[in-house]
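Heads up: the structure comes next, in structure tokens.
Numbering of ligands and ligand atoms starts at 1, following listing order. Only a predicted model underlies this, so the values are computations on that prediction, with no experimental measurement involved.
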Amino acid sequence: MNLKISALQFVEDVKTGNISVEDFIGKTMEHIDKVEPKLHAFLEINRNSLDDARTIDKKIKSGEKVGSCFGMPISIKDNICIKNSKTTCASKMLENFVAPYDATVIKKLKEQDAIFVGKVNLDEFAMGLSTEFSAYGPSKNPWNTEHVPGGSSGGSAVSVSAFECIASLGSDTGGSVRNPASFCSVVGYKPTYGLISRYGLISYANSIEQIGPLTRTVKDTAFLLNIISGIDSNDNTTIDNKNEDYLSQIDEGIEGKKIGIIKEMMGEGIDKSVLSATNEAISKLESLGAKCEEVSLDMVKYSVAAYYTITATEAGSNLARYDNLRYGYEFPVEGFEFNSYITKSRKNLGPEVTRRMIIGGFVPSAGHAGKYFLKALKVKSKLTKQINDAFTKFDLLMSPTVPILPFKLGEKINDPVALFLVDVNTVTANLTGKPAISIPFSISNGLPIGIQLMANSMQDKALLQAAHALESTVKLPEVQI
Ligand code: GLN
């Protein structure tokens, strides 16, 4: 049984009777059990998957209508709610939290007969980019288990990359889908803000974050986007995309497209091998008929500072609900007054979340807001204007997804600012609401490098077409696990 197939191939194979869902899911579960001790992608494995597979096989046999996923194994980042299953956000604070409802994306995938093989690891509350801030221990990069898999959707990227599932859903607030996708050599996509409902995604910085798929191919991303995108009455920030079909015309190509190469995303601190991979990607885009030209967007320099100021502020407010009264763990209230009770409760949050909440309390506070929070909002609007102007000239913008290679576990954990700076190429798409995708492009010293393409709002279809064109020029080795 070949577990290394794409989502579209899986659907085809099940439809034509080439494989049974039970066999595929059975082998997938065996494989998960074999590799998990090395990788730790999963926080919880769904042991009912095989029963779900049998139910779908029965439906197929009896000629009943089957949803378009045909029992495809999908993993879900553990900050997205699946009814009656634990949703911990990789935090001790939510260790025993069982979601009472399905996120909209889950409901849509269930309707299409996807099988959820498990909940996957993340940095606590999606804050981080290495999965090292998970309260349940880090995930490991399948390309080299001494290195981080990226984050915060590290478990998602590892599970797809190591063939523990065919696709995964993550969330991207500042790069959390694209960064681990780049580090683990899979496709990672953040849609235009509002294209996918956030209902049932546990908020970190809700004004800029989106759920996004991680897959083996760009076509698989388009396939999933067809299922999970669209307006939702439970999330009034969603956009009506008129049931756009992202898979049709995916072979359109990029002949004649103008692509801006963002100067500030290839500057100081970029790894040599990342730089040469990016130059190679530029040549490939040109050989496909695109016209590439450097563009300078000087507000990018301030994007990381603005991003962390805005997201900490939103996190401070979104995480205020973890007061151990509505969510949390049991301990007796006797002997505490209000403040000491909340202080003791919050001790269950890890160091990164605590740091963000402290920053998030300070930067928008009276007397400091003008210097920090309001300034960050100004950067956000200036950056948006610069990007919008760039899109009057260019169809797409391009950069490496991450300026460095996957680093070693433990290497940056005690240096939060060094970690923040790794986000320099990804946060712009979130601050401006634009769609962006990371495509596996190269392997250097056994470690993956991804290329990022960005498009204007609601140009998701054109973005996927371009990504598919670039992807078709790349042939990478398979990961050995
Ligand atoms: N590294 C960024 C942060 O820690 C991005 C996280 C994300 O996209 N969820 O905020």
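- One side chain, S171 or N79, offers a donor N or O that lies under 3.5 Å from an acceptor on the other.
- D235 and R198 are joined by a salt bridge, as a carboxylate oxygen and a charged side-chain nitrogen come within less than 4.0 angstrom of each other.
- Atom 5 (C) of ligand 1 has its closest protein heavy atom at Y307 OH, 3.2 Å.
- Here the heavy atom of the protein found nearest to atom 6 (C) of ligand 1 is S176 OG, 2.8 Å.
- On a distance-only criterion, S171 and ligand 1 share no N/O pair closer than 3.5 Å.
- Using a 4.0 Å cut-off between charged side-chain N and carboxylate O, E352 and R355 make a salt bridge.
- In terms of polar-atom proximity, M127 is not counted as a contact of ligand 1, lacking any N or O under 3.5 Å from an N or O of the ligand.
- Heavy atoms of S152 found under 4.0 angstrom from ligand 1 belong exclusively to the side chain.
- Taking every heavy atom of A126 and a limit of under 4.0 angstrom, the matching atoms of ligand 1 come to 6 (C), 7 (C), 9 (N).
- For ligand 1, the atoms sitting less than 4.0 Å from at least one non-hydrogen atom of D423 are 1 (N), 2 (C), numbered in the order shown with element in parentheses.
- At least one side-chain heavy atom of S85 sits under 4.5 Å from a side-chain heavy atom of K119.
- Side-chain contact annotation: D78 with T88, donor-acceptor N/O pair under 3.5 Å present.
- Using a 4.5 Å cut-off on side-chain heavy atoms (C-beta onward), S91 and V353 make no contact.
- Every atom of ligand 1 with a heavy atom of L129 under 4.0 Å away is listed here by number and element: 1 (N).
- The ring of Y204 has its center no closer than 6.0 angstrom to the ring center of F125.
- The residue from F125, F133, Y308, F420 that puts a heavy atom closest to atom 3 (C) of ligand 1 is Y308.
- Only the side chain of R356 comes within contact range of ligand 1, with a heavy atom under 4.0 Å; no backbone atom does.
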Evaluate the criterion side chain to side chain contact (heavy atoms under 4.5 Å, CB included) for residue pair L224 and Y189; output intermediate values, then yes/no.
CA-CA 11 Å; L224 281 178; Y189 168 64; over 6 Å; no
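- Considering backbone and side-chain atoms together, Y204 places an N or O closer than 3.5 Å to an N or O of ligand 1.
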